[in-house]
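Each chain gets a letter, A, B and so on, in the order its sequence line appears, and its residues count up from 1.
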Amino acid sequence: NAGVTQTPKFRVLKTGQSMTLLCAQDMNHEYMYWYRQDPGMGLRLIHYSVGEGTTAKGEVPDGYNVSRLKKQNFLLGLESAAPSQTSVYFCASSYSPVHNQPQHFGDGTRLSIL
Amino acid sequence: AQSVSQHNHHVILSEAASLELGCNYSYGGTVNLFWYVQYPGQHLQLLLKYFSGDPLVKGIKGFEAEFIKSKFSFNLRKPSVQWSDTAEYFCAVIPFHTGGFKTIFGAGTRLFVKA
């Protein structure tokens, strides 16, 4: 079972460059999330989606954009990368968090901005 | 500010020692509670979850957690840790008043078990 797949796994960018992180899930989950993980700060929610065609801001949305054109895919974009966006990015998906469903996480993307 | 607090950022134990990791949250009303584990170089995996019913929840690998509503706590325990339990542990809360869409994570506790 593939579960949640993130691409790429590693990337180094220069300040000002743009890129898109792709998250794909094959579990037919409605909810998808993008987090960033920084030392001592746990996971912080960037954006999330409760269904195809919908997106919403999380805790730290500035500098990021997202799209959910297909149910199985959730894209995270950095239009103009900044060193403060150096982090490990995790995508997650779930059926319905309200009904005690846990999130399923991808393996992460380690992003460094120089 | 509403939050999820994990009191210990780093814990070092010897094998066979007992473990208790604290987690407190500040959200009122109904919540769903989770503990996730992240082994070195891996993604987060669910250890256990609480939604309702018996406040003592048993999870995988011998872990358990107790929900104490009056203390807004959901502490994780294991009677005897193993070297393979070395990992980072995250407490997470879904407060229903946010619509149930957001999971709020604690900052994590890094556990190192000495062989």
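The aromatic rings of B:Phe105 and B:Tyr36 are tilted relative to each other, their planes meeting at an angle between 30° and 60°.
Residue contact with chain A, scored on non-hydrogen atoms closer than 4.5 Å, involves the side chain of B:Glu88 exclusively. Of the two parts of A:Leu45, only the side chain, counted from C-beta on, holds a non-hydrogen atom closer than 4.5 Å to a non-hydrogen atom of chain B. Contacts of B:Leu46 with chain A are made by side-chain atoms alone, with heavy-atom separations under 4.5 Å and no backbone atom involved. For chain B, no part of A:Glu59 is nearby; none of its heavy atoms comes within less than 4.5 Å.
For the side-chain contact (heavy atoms from CB on, under 4.5 Å) with B:Asn75, the lone residue among B:Glu20, B:Glu66, B:Gln6 that qualifies is B:Glu20.
Classification of A:Glu52 and A:Arg68 as a salt-bridged pair fails, no side-chain N sitting under 4.0 Å from a carboxylate O. Salt bridge A:Asp38/A:Arg44: present, at least one basic N to carboxylate O contact under 4.0 Å.
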